[in-house]
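Here is the structure we will look at.
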Amino acid sequence: MAWWTQGQVSLSHVTGNVFDGSRRYVLGLGCERGTPVDEVTELANAALASAGIGPGELAAVASIDTRSNERAILEIAHDLGVAFLTFAAVRLEEETPRLKNPSAIVFARVGCHGVAESAALAAIGPNGELVVPKIKSPRATAAIACALLQKD
């Protein structure tokens, strides 16, 4: 299974182990370069606990494209057995109106007003919402978005 993808992906078109009806959540992660795997893992676990979900309910991990080779995030996606999706800052910036915690400091550094929240929302799509707004550790951020069920 390929578990890394760059660009906008509609999770409704991903098949196999990556997305099915029980996998309605995306974990957005951001971190400083070289952040220890343990720190990001603890933060990811805290986000999952805050959402009240298990790893088996995740469809993907998402981040900004400049972290596409960040060891800590890659290892988390691999350990969880989910896709790792990345997005350009310009795409993440489009999510700013939906953010709970936009940051001018983050915008000045990377070109979007948030990484974890924006990446989770970009991956989950327009019919999703944040269920865990940004939480932080000293060098990382995490957020979780959920795909809302559509009534027929």
When clusters are formed by joining ILVMFWY residues with side-chain heavy atoms under 4.5 Å apart, either directly or through shared neighbours, do F107 and L92 land in the same one? no

Looking only at heavy atoms, what is the nearest atom pair of V82 and A59, with distance? CB-O, 3.7 Å

Between L121 and V115, is there shared hydrophobic-cluster membership here, with clusters defined by ILVMFWY side-chain heavy atoms closer than 4.5 Å? no

Shortest non-hydrogen pair, I124 vs A145, comes out as CG2-CB, 3.8 Å

Gap between atom CG of N69 and atom CZ of F84 - 0.5 Å precision: 8.5 Å

Would a hydrophobic clustering, with Ile, Leu, Val, Met, Phe, Trp and Tyr connected at side-chain separations under 4.5 Å, put L27 with L130? no

Is the backbone of E57 close enough, under 3.5 Å, to the side chain of R23 for a donor and an acceptor to pair up by distance? no

Pairs where residues 28-54 contributes a residue and the test salt bridge (Lys or Arg N to Asp or Glu O under 4.0 Å) is met, not counting sequence neighbours: R33-E70, E39-R139

Minimal non-hydrogen separation, P133 against A143, with atom names: C-CB, 4.2 Å

Minimum heavy-atom separation for A89 and C112, please, with both atom names. O-CB, 3.6 Å

Within this structure, what is the CZ-CG distance for the pair R24 and L148, rounded to the nearest 0.5 Å? 7.5 Å

Should V37 and L43 be regarded as members of a common hydrophobic cluster, given that ILVMFWY residues are connected when their side-chain heavy atoms come within less than 4.5 Å of each other, either directly or indirectly? no

CD1 of I76 to CZ of R71: how many Å apart, nearest 0.5 Å? 11.0 Å

CA sep, side-chain torsions, deciding dist, call: R91, E94, side chain to side chain contact (heavy atoms under 4.5 Å, CB included): CA-CA 5 Å; R91 172 63 187 94; E94 293 173 11; 3.4 Å; yes

Validation: residues 96-105 side-chain donor-acceptor distances under 3.5 Å, sequence neighbours left out:
residue, atom, partner, partner atom, Å
T96, OG1, E93, O, 2.8
T96, OG1, E93, OE1, 3.1
T96, OG1, E93, OE2, 3.3
R98, NH1, E95, OE1, 2.9
R98, NH1, G125, O, 3.4
R98, NH2, G125, O, 3.2
R98, NH2, G128, O, 2.6
N101, ND2, E117, OE2, 2.8
S103, OG, I105, N, 3.3
S103, OG, V106, N, 3.1

Any chance you could measure S68, atom OG, to I73, atom CD1, to the nearest 0.5 Å? 9.5 Å

Spacing of OG1 belonging to T141 relative to CD1 belonging to I135, to within rounding of 0.5 Å: 9.0 Å

Measure across L85 and A123 and return the closest heavy-atom pair with its distance rounded to 0.1 Å. CD1-CB, 3.8 Å

What is the distance from atom CG of D65 to atom CZ of F87, rounded to the nearest 0.5 Å? 10.0 Å

Which heavy atom of A62 sits nearest a heavy atom of A120, and at what distance? CB-N, 4.4 Å

